[in-house]
Peer 1: 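The structure follows.
Numbers here are sequence positions counted from 1.
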Amino acid sequence: MPSPAATADKPLSAPQKALRKLGLVRPIDLALHLPLRYEDETRIVRLSDARDGDTVQIEGEVTHQEVTFRPRRQLLVSLNDGTDTVVLRFFNFYPSQQKQMAVGTRIRARGELRGGFAGLTMMHPTVRAAGGALPQALTPIYPTVAQLPQPYLRKAVLAGLAQADLSETVPEPVLNEISHLRLWDLRKSLSFLHQPTPDVSLAQLEDHSHPSWQRLKAEELLAQQLSQLQARRAREHLRAPMLRAARSGVHEQLLAVLPFQLTGAQRRVGEEIARDLGTVQPMHRLLQGDVGSGKTVVAALAACIAIDAGWQCALMAPTEILAEQHFAKLVDWLAPLLQARGQRVAWLTGSQKKKARGEMLALIDSGEAALVVGTHAVIQEQVRFARLGLAIIDEQHRFGVQQRLDLRRKLSEAQQEPHLLMMSATPIPRTLAMSYYADLDVSTLDELPPGRTPVVTKLLAEHRRGEVIERIRGQIAEGRQVYWVCPLIEESEALDLRNATETHAELSEALPGQMIGLLHSRMPPAEKKAVMALFAAGEMPVLVSTTVIEVGVDVPNASLMVIEHAERFGLSQLHQLRGRVGRGAAASACVLLYSAPDGGRLGETARARLKAMAETSDGFEIARRDLEIRGPGEFLGARQSGAALLRFADLADDSALLQWARRVAPQMLDQHPDMARRHTDRWLGTKSDYLKA
């Protein structure tokens, strides 16, 4: 079996490149590449014993073959097994297949049997010559990519299984806590899952409840918990500056001038962050809160503590619009206070003119910029901080993992490690926090500030679009403002969706004399800024936009949000968009316009998302349902290196195994450090680096 690794003088073949693409480089990678499903080729079924809808393997003689052209070109082959006849139907076929199934030839065919007026049929069955011994195990079907056929992949996997070090890495006392894990070690489990015997329950294999699957899931969860715990312990040895608010300093001054009272949750979370900043161990905290819960002011107060202690703070946001929103608020609150100290708030983005950028870089380098707000431009090579003590990342899951690692490296250029505060408006369900964020301390803003009005959510089919436009006319008459969000900028051949430019033209025609704005990601930054300024100032009653306004945009006078093709959006994204309204005293509404496909019914996932939106406005309940519907990917963003850190375990079904892994990981790390290292190397390889992000 050719090795997937390249030799020094021999280029990779197409299948070897495909193995690389799947991440199958080490023997253990191949051993852990498990089948998607199985085919039973271990027995021959007689047609007289098979039922409609069964997937079966039959053997018989070809009695007739023809190519017909009605309703389209197809190959029809009649096969008689001595008990009945079945027609094999192929829409795509080659001359070699016609030769393989010549009249008089005995063949084996495997596929789904369908009955009907014309008799039994099989569509595109798998065909091979009859005779020869039947396999003793089920045939695995693996996840694959182009140019990597199943037979090649099966051989590569079995070779990897033979070469991989599958020695025990879980000590016996740890295994004793879950007795059935002892009966199936890793080698036995993997050998069985790659070649299961035909007497096994297919249901147990498919729902991953078989003991061999349980062993794999337990090992995977243990590797993840060990890796998280190692990351946390490694940080305990790093040193950060002790940051404490000064008496009568910027922190106290900001609290005195804020035009609102902090909520109890904001005060509690502020104290948690202040405690962390006051220690020499680097803070690594996630601040989560629902849309509108007031995370920005908590971040501003944390920044003030760093500034009071004589250090700089950097705040990084994923988009310019969100960064500008933060910048405007922070300048409003902090600029007068910093000015009295001879300091400033600096602004840094990729679209800045060279001169303005140069001025900002100089302010950051000299330390005159006490607070730096911007996009990922904040972590670029030419940025030099004088004394960076605190970094704040907003909507952290929307940054690529490499960007977050770059930030950590940028932070670590200093003698001391800065404190790190990550913020997210996508609340994280408890099982996810226990698993993927076990290395973080989590603070939660679970209380909305007073003055937020409940948002009524309505589901409307596309044909009621006219009613929505009438509603907009009414809102404008009352002096209110409206968002209309579209999923695309320009017409796409692949998706027949209304786009932002077309909707903008339609609303401009329907609402003559009104200024209708248009905002999308391809517009020049200056143009985007001008449109947002007009809308924020109340001069523009309607803003048609793509999802660039998803987070951070704060216009209290906006009372209606229309989301077009709502069925195409993710649940957390819909919730974020809905959070743009209900920020003032006026009654607010969110209209989800949906369009069913030609078949007339929305898909199950889309229905579940829209139903959740209509039934609850609680971000934590939304997050729980999103995890249920879509799995953990949406919450994690690129915390992983392109592939999920959990491939086999399921957080909803395997909570008992997760609890076990959390409980035994510290014991294993303390008492069996060598086995713990081998275990995480086997399961995660270099992926454990991504937990540091």
Side-chain angles (χ1 to χ4, degrees), residues 228 263 265-266 268-270 272-273 276 283-303 314-319 321-323 325-326 373 375-376 390-401 403-405 407-408 419-449 547 549-554 569-580 617-627 630-640 645 651 690-693:
Q228 301 263 20
T263 63
Q266 285 171 322
R268 184 191 75 245
V269 167
E272 288 171 359
I273 293 168
D276 279 1
M283 174 173 74
H284 202 67
R285 186 170 285 279
L286 177 70
L287 168 58
Q288 62 170 358
D290 206 348
V291 178
S293 57
K295 293 182 292 299
T296 306
V297 72
V298 173
L301 288 164
L315 192 156
M316 189 163 85
T319 66
I321 283 188
L322 181 51
Q325 290 283 321
H326 283 311
V373 181
T375 57
H376 61 275
L390 171 65
I392 302 170
I393 308 180
D394 195 16
E395 290 301 309
Q396 57 87 28
H397 64 283
R398 292 178 56 179
F399 282 98
V401 69
Q403 287 173 317
R404 293 209 298 276
L405 285 171
L407 175 69
R408 284 195 63 77
H419 297 278
L420 190 58
L421 177 65
M422 295 180 275
M423 303 198 294
S424 176
T426 305
I428 295 160
R430 186 171 169 271
T431 50
L432 209 58
M434 282 167 55
S435 175
Y436 283 91
Y437 291 99
D439 61 324
L440 293 178
D441 296 306
V442 179
S443 290
T444 303
L445 288 172
D446 50 9
E447 181 183 351
L448 290 180
T547 54
I549 57 101
E550 180 186 337
V551 287
V553 176
D554 190 2
F569 290 87
L571 186 49
S572 67
Q573 198 174 33
L574 288 171
H575 181 60
Q576 292 281 351
L577 288 167
R578 177 169 61 185
R580 299 307 105 213
S617 58
D618 176 353
F620 287 89
E621 175 60 15
I622 290 275
R624 189 190 66 75
R625 294 207 198 180
D626 202 15
L627 182 62
R630 288 159 59 90
E634 173 74 10
F635 294 91
L636 304 173
R639 187 165 173 81
Q640 59 274 42
L645 289 170
L651 294 178
Y690 288 87
L691 293 169
K692 297 169 189 167

Peer 1: Can you tell me how far CG of Leu421 sits from CG of Asp394, rounded to the nearest 0.5 angstrom?
Peer 2: 9.5 Å
Peer 1: Any sub-3.5 Å donor-acceptor pair from Glu447's side-chain atoms to Thr263's backbone N or O?
Peer 2: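 A pair under 3.5 Å: no.
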Peer 1: Check whether any side-chain heavy atom of Lys295 lies under 4.5 Å from a side-chain heavy atom of Ile392, and answer yes or no.
Peer 2: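 Answer no - side chains too far apart.
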Peer 1: What residues form a salt bridge (charged side-chain N to carboxylate O under 4.0 Å, His left out) with Arg578, not counting sequence neighbours?
Peer 2: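 Arg578 satisfies salt bridge (charged side-chain N to carboxylate O under 4.0 Å, His left out) with no other residue.
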Peer 1: Using a 4.5 Å cut-off on heavy atoms from C-beta on, say whether the side chain of His284 contacts that of Met422.
Peer 2: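 A side-chain contact exists here, since the closest heavy-atom pair is under 4.5 Å.
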Peer 1: Quick one: does Arg285's side chain have a donor or acceptor within less than 3.5 Å of a partner on His419's backbone?
Peer 2: no
Peer 1: Considering non-hydrogen atoms only, spot the tightest contact between Leu390 and Ala302 and give its length.
Peer 2: CD2-O, 3.6 Å
Peer 1: Heavy atoms only: give me the nearest Val297-Gln266 pair and the separation to one decimal.
Peer 2: CG1-NE2, 3.2 Å
Peer 1: Salt bridge (charged side-chain N to carboxylate O under 4.0 Å, His left out) with Glu621: which residues, sequence neighbours excluded?
Peer 2: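 Salt bridge (charged side-chain N to carboxylate O under 4.0 Å, His left out) check on Glu621 returns Arg624, Arg625.
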Peer 1: Could you give the distance from CG (Asp441) to CG (Asp276), rounded to the nearest 0.5 Å?
Peer 2: 6.0 Å
Peer 1: Would you compute the distance between atom CG of Leu420 and atom CD1 of Ile393 and round it to the nearest 0.5 angstrom?
Peer 2: 5.0 Å
Peer 1: Working to the nearest 0.5 angstrom, can you tell me the gap between Thr444 OG1 and Arg268 CZ?
Peer 2: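 Rounded to the nearest 0.5 Å, the OG1-CZ separation comes out at 7.0 Å.
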Peer 1: Show your working on side chain to side chain contact (heavy atoms under 4.5 Å, CB included) between Gln576 and Ile622 and close with a plain yes or no.
Peer 2: CA-CA 11 Å; Gln576 292 281 351; Ile622 290 275; over 6 Å; no
